[in-house]
Protein chains: 2
Amino acid sequence: MDGRSQGQRGNGRVTLTEVAKRAGVSRSAVSFVLNGRTDQRLSADTSNRVRRAAEELGYSPNTTAKTLRTGSSGTVALVSDFIGTTSFANSMVRGVLESLHDADALLYTVDTQGESSLESRLLLSLINRDVDGIIYGSMFTRTVAVPALLRNAPFVLLNCVSDDSDTTAVIPDEVAAGATAATALLSAGHHDHIWFVGVFPPGATGGAAWHNWSPLALAERLQGIDTALSAAGTKLAGRAMIDDDWDVANGRSSVAKLLASGATPSALICVNDAVGVGAYQALQAAGLRVPDDMSVISFDGSPLTTAVLPTLTSVTLPHEALGRLAAQLLLSGTTVPRIHRVPMPLTLGHSISTPPATR
Amino acid sequence: MDGRSQGQRGNGRVTLTEVAKRAGVSRSAVSFVLNGRTDQRLSADTSNRVRRAAEELGYSPNTTAKTLRTGSSGTVALVSDFIGTTSFANSMVRGVLESLHDADALLYTVDTQGESSLESRLLLSLINRDVDGIIYGSMFTRTVAVPALLRNAPFVLLNCVSDDSDTTAVIPDEVAAGATAATALLSAGHHDHIWFVGVFPPGATGGAAWHNWSPLALAERLQGIDTALSAAGTKLAGRAMIDDDWDVANGRSSVAKLLASGATPSALICVNDAVGVGAYQALQAAGLRVPDDMSVISFDGSPLTTAVLPTLTSVTLPHEALGRLAAQLLLSGTTVPRIHRVPMPLTLGHSISTPPATR
DNA sequence: CTGAAAGCGCTTACAG
DNA sequence: CTGAAAGCGCTTACAG
């Protein structure tokens with residue numbers, strides 16, 4: 001018995017050998033012709049015969065065999081905590097796929113749920129399949145430790161950075177985003193009554209849902225805001241705290257508390273869209289209109305921005321562009337390790353106007 | 001020159017041959033031990049030596065070689081129009097991944113953007129890589145034509161059906177969902193003033209954005225609604241049209257028009273959450289409160305439901321369960337071709353109350 | 001210009 | 001009980 005009798009192949013798939021037989025040439029010749037190798041100077045007649053035979057038989061080379069021989073599989077993996085399975089941040093996959101499309105590579109999507117033993121198992125499984133590269137990503141922007149196994153393949157960090165100096169990373173430019181938000185309000189005439197909504201309570205580094213995720217976004221957005229305001233000769237009037245996750249209900253209660261405190265904001269910079277939507281609800285309950293009585297701007301640029309009236313102006317996470325760039329860097333065999341910061345564009349809604357005359 | 005000198009391998013990866021050498025046994029023995037084949041009755045001593053050698057060398061078998069030999073790759077592909085890259089429906093990926101996790105299989109995510117030439121290229125690419133099965137999905141529920149290439153591998157349809165009688169498909173139970181929505185309103189005391197919001201204009205089969213997608217959802221939800229209402233001795237008071245896509249702005253204008261028409265609805269069944277949110281906005285503009293003046297229920301169960309106040313009650317698309325079941329069926333080598341309908345649970349918000357006394 | 005041969009790293013029927 | 005050999009379907013240096 002030979003292998004064929006057990007192999008799941010023999011399912012009718014045509015092999016290179018059969019093409020060679022039909023064309024009356026050697027298998028080498030078929031390989032050379034079909035891979036367009038011109039350095040072998042095959043006769044035009046041979047080429048034609050091979051091509052015709054391949055066509056007639058409907059031949060398509062087996063990639064597994066090719067991979068075993070060449071060591072390159074034409075596949076890339078996106079390994080992340082939750083990117084593949086969470087709607088937020090998911091458009092990073094679209095960006096990755098776009099870049100891979102041009103390179104004719106296939107994508108493995110792998111979510112580890114943040115469990116490191118699962119992560120190791122999956123990384124090993126990918127490496128054993130000879131993946132050409134790995135995009136190691138995070139759903140939210142943060143600092144990660146590079147798993148040892150990751151170094152068995154070329155890799156690029158997506159939406160996260162590491163403390164190692166030899167890595168290539170792609171993250172959104174959150175500092176510039178903070179400045180963009182502040183500038184949008186300054187341009188509209190706001191100055192001394194701008195509040196930020198969404199800092200954590202003292203000692204906390206993030207919500208329970210993401211086990212102390214310590215998002216880079218918060219610190220960097222604040223830094224950009226502070227810089228822009230101080231360049232304009234002012235600063236934040238205050239920072240409202242959010243207890244736990246950055247969601248609608250917490251945004252609502254945070255802003256309700258702020259309004260009840262006697263503070264007199266003219267504009268709110270909300271740490272994300274959900275908090276911004278919560279702010280809308282608190283403002284409405286207090287009889288304040290957006291944007292006439294209060295301007296609001298937030299970060300993320302999610303679908304929530306168009307679910308409210310007036311639509312919410314938001315500094316947008318460039319998820320698709322992040323994914324696209326990460327895949328490009330990986331495929332191009334990026335040389336210089338460094339952090340690439342992708343700009344966060346301002347998506348205009350109708351939530352900003354000049355401050356009320358009374359302030 | 002042998003192959004090794006050109007192969008990308010020789011990157012330090014340990015092979016089975018090296019394990020055999022270190023353990024002082026044949027390669028067959030190593031393979032048998034590591035694959036737990038007991039029918040060979042290897043000595044306990046041999047087994048231990050092999051296991052220790054493998055451990056010491058950090059051996060992990062190359063899956064590409066295994067695949068070439070056995071014909072099975074331990075991979076599954078999710079091929080769809082937009083599932084992998086759109087936030088809506090994306091949790092189907094999570095369900096698929098959950099099932100694959102148990103089977104220790106890896107997932108290729110492939111989006112075709114609905115382009116059939118791209119689809120063919122990608123399917124061929126997957127088949128050439130010996131995928132064990134393909135989940136062929138659609139972002140929204142509809143009837144698809146099964147591509148010929150798909151038949152080169154076991155496959156299951158996810159969130160779509162075909163006219164072929166030999167296929168296995170998994171879709172949400174939209175008919176029952178319609179009944180669920182109607183029943184929720186009937187139980188609250190609504191009867192003769194229930195309106196549906198979201199039918200297409202005469203002759204249209206869907207919005208421009210999805211090139212006439214002809215969603216099954218619409219017809220089936222309406223059917224379920226009609227059945228439940230008629231069992232209660234009533235029927236829809238009317239059906240409000242939506243011009244194009246089922247989005248917030250169109251929902252708002254549709255309901256605004258309805259209210260201006262002199263109709264006296266006590267409850268609205270909105271075709272999806274976005275339209276429901278639009279309905280909220282139109283109601284608020286008209287000075288009507290949800291749920292005191294008007295009850296609202298919708299379909300999808302998306303994050304939009306918690307972005308409004310009061311939160312929106314919605315019959316939820318079981319995306320995760322759909323994905324999980326499709327992958328399970330694929331892995332279990334499903335036998336009987338049939339359509340599996342997954343229940344759509346009711347996600348309670350606060351948008352339903354008894355009808356106002358005036359009606 | 002072309003073909004025979006080796007080899008990628010596995011699995012497995014078969015002979016001892 | 002174990003080992004040598006064949007084979008999965010390719011690619012490629014090398015000899016003619």
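Below, chains carry the letters A, B, ... as their sequence lines are ordered, and counting in each starts from 1. Please read these numbers as outputs of a predicted model, since none were measured by experiment.
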Residues which pass side-chain hydrogen bond (donor to acceptor under 3.5 Å, both in side chains) with B:Ser80, listed by chain and number, not counting sequence neighbours: B:Asp111
side-chain contact (heavy atoms from CB on, under 4.5 Å) partners of B:Pro154, counting only residues at least two apart: B:Leu330
Salt bridge (charged side-chain N to carboxylate O under 4.0 Å, His left out) pairs, two or more places apart, involving residues 147-161 of chain A: A:Arg151-A:Asp164, A:Arg151-A:Asp166
Length of the NZ-P vector between A:Lys21 and C:dA4, whole Å: 13 Å
Ranges pairing with ranges for DNA chain C, where each run has three or more Watson-Crick or G-U pairs under 3.5 Å: C:1-3 with D:14-16, C:5-12 with D:5-12, C:14-16 with D:1-3
A:Asp130 CG to C:dC10 C1', straight-line distance once rounded to whole Å: 12 Å
Step-by-step side-chain contact (heavy atoms from CB on, under 4.5 Å) determination, A:Val146 to A:Phe155: CA-CA 10 Å; A:Val146 174; A:Phe155 69 96; 3.9 Å; yes
Sugar-phosphate only, base, or nothing, as touched by A:Thr63 at under 4.0 Å among non-hydrogen atoms: nothing
Gap between atoms CG and C1', on A:Leu68 and C:dA6 respectively (whole Å): 13 Å
Close approaches to DNA chain D from residues 22-30 of chain A, in residue order (heavy atom, under 4.0 Å): A:Arg27, A:Ser28
Check: B:Arg142 side chain, B:Cys160 main-chain N or O, donor-acceptor pair, under 3.5 Å: no
Gap between atoms CG and C1', on B:Leu16 and C:dT11 respectively (whole Å): 9 Å
Among D:dC10, D:dT2, D:dT11, the nucleotide that comes nearest once only the side chain of A:Tyr59 is considered: D:dC10
Atom-to-atom span, CG of A:Asn128 to P of C:dG9 - whole angstrom: 12 Å
OP1 or OP2 of C:dT11 under 4.0 Å from side-chain N/O of B:Asn35: yes
Between D:dC10 (P) and A:Arg13 (CZ): distance, integer Å: 8 Å
Residue-phosphate contact under 4.0 Å: A:Ser43 side-chain N/O, C:dT2 OP1/OP2: yes
Length of the CZ-P vector between A:Arg37 and C:dT2, whole Å: 14 Å
Touch class at under 4.0 angstrom, heavy-atom based, for B:Thr46 against every strand present: sugar-phosphate
Phosphate OP1/OP2 of C:dT11: any B:Ser31 side-chain N/O under 4.0 Å: yes
Residues which pass salt bridge (Lys or Arg N to Asp or Glu O under 4.0 Å) with B:Arg22, listed by chain and number, not counting sequence neighbours: B:Glu56
Ring pair (Phe, Tyr, Trp, His ring centres under 6.0 Å) pairs, two or more places apart, involving residues 93-116 of chain A: A:Tyr108-B:Tyr108
Expected list for residues 28-36 of chain B: side-chain donor-acceptor pairs under 3.5 angstrom, two or more places apart:
residue, atom, partner, partner atom, Å
B:Ser31, OG, B:Asn35, ND2, 3.4
B:Asn35, ND2, B:Ser31, O, 3.0

Distance, rounded to the nearest Å, where A:Arg69 contributes CZ and C:dC8 contributes P: 8 Å
Sequence neighbours excluded, every pair satisfying salt bridge (charged side-chain N to carboxylate O under 4.0 Å, His left out) that has a member inside residues 89-106 of chain A: A:Arg94-A:Glu320, A:Glu98-A:Arg324, A:Asp104-B:Arg121
Within-4.5 Å side-chain heavy-atom neighbours: A:Pro147 and A:Glu119: yes
Any B:Lys66 side-chain nitrogen or oxygen under 4.0 Å from OP1 or OP2 of C:dG9: no
